[in-house]
Amino acid sequence: NTRTNQANRMSKQANAKAIQNYREEPFRQRCGNCAHFLSKKTKAISPWGSPYEVEKNLRCGLGGFKVNKTALCDDWRAKP
């Protein structure tokens with residue numbers, strides 16, 4: 001198998017990536033990177049005292065409905 005032979009000559013990380021056919025996708029349209037995406041970010045403190053951000057109320061600015069950041073609709077627009 002050519003794919004296996006090539007993988008044997010690579011580093012462990014490169015080998016694992018080749019076996020899984022890993023590739024970096026340049027950009028994907030998603031609700032989370034749409035110009036219409038709205039959310040509210042608040043600051044919180046972890047039980048260990050570290051500050052972090054919580055993103056809540058993920059909504060579509062066009063339809064007003066709740067969304068998942070990885071979803072997509074036909075009205076996606078790039079953020080300016």
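Just so you know, these numbers come straight off a predicted model, no measurement behind them.
- Residues forming a side-chain contact (heavy atoms from CB on, under 4.5 Å) with Ala71 (at least two apart in sequence, or on another chain): Cys31, Asn68.
- For residues 44-64, every residue pair satisfying the salt bridge (Lys or Arg N to Asp or Glu O under 4.0 Å) rule, not counting sequence neighbours, is listed here: Glu55-Lys69.
- Counting heavy atoms from C-beta outward, Asn57 and Ser39 have side chains that stay 4.5 Å or more apart.
- Listed by chain and number, the residues in a side-chain contact (heavy atoms from CB on, under 4.5 Å) with Ser50 are Ser46 (sequence neighbours excluded).
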Give every donor-acceptor pair under 3.5 Å between a side-chain atom in residues 72-80 and any protein atom, sequence neighbours left out.
| from | atom 1 | to | atom 2 | distance (Å) |
| --- | --- | --- | --- | --- |
| Trp76 | NE1 | Arg30 | O | 3.1 |
| Trp76 | NE1 | Asn33 | OD1 | 3.0 |

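- Tyr52 forms part of a hydrophobic cluster together with Val54, judged by ILVMFWY side-chain heavy-atom separations under 4.5 Å.
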